[in-house]
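Everything on this sheet refers to the single structure shown next.
Chain A is the first sequence line, chain B the second, and so forth, proteins listed ahead of strands; every chain is numbered from 1. Here the structure is a predicted model, which means the values were calculated and not measured.
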Protein chains: 2
Amino acid sequence: MSIYQHIFTDIETKIISGDWRPGDRIPVEHELAAEYRCSRMTVSKALSALAERGMIVRRRKTGSFVASPQIDRTVMDIQDISTEAELAGHEHRFEILARKIERLGEAEAQQLSEPADAEILRLQCLHIVDGRPNAIERRIIMLDAVPRAREESFASIPPGKWLLDEVPWSKAKHVIRAVSADTTTARILQTERGEACLSLIRQTWQNGRTVTYVEFTHPGDRFQFAGTFHPTAN
Amino acid sequence: MSIYQHIFTDIETKIISGDWRPGDRIPVEHELAAEYRCSRMTVSKALSALAERGMIVRRRKTGSFVASPQIDRTVMDIQDISTEAELAGHEHRFEILARKIERLGEAEAQQLSEPADAEILRLQCLHIVDGRPNAIERRIIMLDAVPRAREESFASIPPGKWLLDEVPWSKAKHVIRAVSADTTTARILQTERGEACLSLIRQTWQNGRTVTYVEFTHPGDRFQFAGTFHPTAN
DNA sequence: TAGTGGTCTAGACCACGGG
DNA sequence: CCGTGGTCTAGACCACTAT
């Protein structure tokens, strides 16, 4: 193990074990350098990594201190549906239920903070995992941001994956809610009206322009989000 | 702006703009060092930061390359209820509905991967935000891991916050589901039976031992999780 | 003012891995 | 083999900030 990793895990262990409590002062860099018989820069690298993880806070003049734990910070990785299904060894397919080009309209324009006359591609798509409906995907693609969507049928590639290839990088906002299935949703998902459903809304931007807005509605009895947060992991 | 930050944002911009596409090769370190008239180590620091963000992949001998984007990775920060309410400017209070010391039992023992005869403190707690029920908290605290919970009444501090002070650091697993309110839940939350509710389950460990297991049940019409993922942010 | 972290240099040696 | 990234050194100067 490298020296800076050694220093990193040593301090991490002291914090996790409770040996060093929140607010406790960590030896200054030159002391740690002497202790581990290495240069100050190597110590600095280890402490910077700990600071980036939020385990310590560093202040000029006063030194570095053990941070207050924040176990309530949840980090979740949500893959796109097809990837997630494949990873879990499930069979995934999808159907395009609707595909039309239109204008955004007032209500949605306000919701997306985009002009109401913006041209969009509206998609509705059903995802089927192991033969059972797993999600309705209702998606808006901004055609001025992604003009090539106009010619794409999405017959062979899910819209989410296609956009990943098309748009190089982006910022996304997520909202997770619980909603009751309305009649149409229940019929498509082959469940009961009023059934609790998990809704994931994602709006994606590139360079400040909305690229796409999508809502996935999952039947509550067949879907959940799970994630693990390791403040200790590497 | 420091030199390595300059290099970082330059490359980040090229990737976000699509100027450099996934799979493209990034100049080797000594080329970038010459271009920015700095040492190779400074370049290395910038590239390492980009690699840690998942924007590039680095391979010995072959060089560094633009990574494939993963915008479907969702990072969410979920604060604990009282903190979140305070941050949003809402009034928060809570009531202890039940508090008893007992043994874990078979079914839950299996679920938590803990022995069935383990002594636990079982808590049920109602969180009220701006005068309306916002969550039922059903919690199990392992008394062998947190013996001091035996004497704590939780009259003045919510169990979640108390545990944050008591347990220095930990690993946590989260599950988010949509469930229908049963009769009891609906009564406590002052909503209808069958109402869609958002359920957050969190199991917390320290040094491999379960510390606590908690389920928060939120009425779907009064609660959602929201988060933003910035692959570009600092 | 003095102590601390933030950054940088101009080298160095090593580990890895494709040819 | 040899080009690449991974790590490290022994300094250096600067920025910030508590006192």
Task: Interface limits on DNA chain C, where chain B has a heavy atom under 4.0 Å of a nucleotide atom - done: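 Boundary nucleotides touching chain B, in 5' to 3' order, are C:dT7 to C:dG18.
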Which residues share a salt bridge (charged side-chain N to carboxylate O under 4.0 Å, His left out) with [X], sequence neighbours left out:
{"X": "B:Glu119", "answer": "B:Arg150"}
{"X": "A:Arg37", "answer": "none"}
{"X": "A:Glu52", "answer": "none"}

Is there any protein nitrogen or oxygen under 3.5 Å from a nitrogen or oxygen in nucleotides 14-19 of chain D, and what are the pairs?
residue, atom, partner, partner atom, Å
D:dA15, N3, A:Arg60, NE, 3.4

Task: Pairs satisfying salt bridge (Lys or Arg N to Asp or Glu O under 4.0 Å), at least one member in residues 55-65 of chain A, at least two apart - done: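 Qualifying pairs, neighbours excluded: A:Glu29-A:Arg58.
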- [ ] Please round to the nearest 0.5 Å and tell me the distance separating atom CG of B:Leu32 and atom OG1 of B:Thr42.
- [x]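 That separation rounds to 11.5 Å.
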Which pairs would a plain distance check flag for residues 151-159 of chain A, meaning a side-chain donor or acceptor within less than 3.5 Å of a matching protein atom at least two apart in sequence or in another chain?
residue, atom, partner, partner atom, Å
A:Glu152, OE1, A:Trp162, NE1, 3.2
A:Glu152, OE2, A:Phe154, N, 3.0
A:Ser153, OG, A:Ala155, N, 3.2

Task: Residue list, side-chain hydrogen bond (donor to acceptor under 3.5 Å, both in side chains) with B:Ser44, at least two apart or on another chain - done: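 Checked B:Ser44 against side-chain hydrogen bond (donor to acceptor under 3.5 Å, both in side chains); zero matches.
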- [ ] Kindly write out the residues that satisfy side-chain hydrogen bond (donor to acceptor under 3.5 Å, both in side chains) with B:Arg122, not counting sequence neighbours, or none if the list is empty.
- [x]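 For B:Arg122, the residues satisfying side-chain hydrogen bond (donor to acceptor under 3.5 Å, both in side chains) (neighbours in sequence not counted) are B:Glu102, B:Glu108.
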Task: Ring geometry between A:Phe216 and A:His218 (parallel below 30°, tilted from 30 to 60°, perpendicular above 60°) - done: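 Rings of A:His218 and A:Phe216: parallel, under 30°.
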Open item on the list: Contact list please: residues 35-52 of chain B against DNA chain D, heavy atoms, distance less than 4.0 Å, in numerical order.
Closed with: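 Those residues are B:Arg40, B:Met41, B:Ser44.
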Open item on the list: Could you work out, with ring-ring contact (aromatic ring centres under 6.0 Å, His included) as the rule, every residue matching B:His30, not counting sequence neighbours?
Closed with: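 B:His30 satisfies ring-ring contact (aromatic ring centres under 6.0 Å, His included) with no other residue.
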Open item on the list: Rounding to 10°, can you tell me the angle the first-five-pair axis of the helix from C:dT1-D:dA18 to C:dG18-D:dC1 makes with its last-five-pair axis?
Closed with: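 The two end axes of the helix from C:dT1-D:dA18 to C:dG18-D:dC1 meet at 10°.
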TODO: Give a yes or no on this: more than 12 heavy atoms of other residues, nucleotides or ligands lie within 6.0 Å of atom CD of A:Gln110.
DONE: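 Atom CD in A:Gln110 is not packed in, count stays at 12 or less.
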- [ ] Taking the side chain as every heavy atom from C-beta outward, state whether A:Arg209 and A:Met142 have any pair of such atoms under 4.5 Å apart.
- [x]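 They are not in contact (no side-chain heavy atoms under 4.5 Å apart), so the answer is no.
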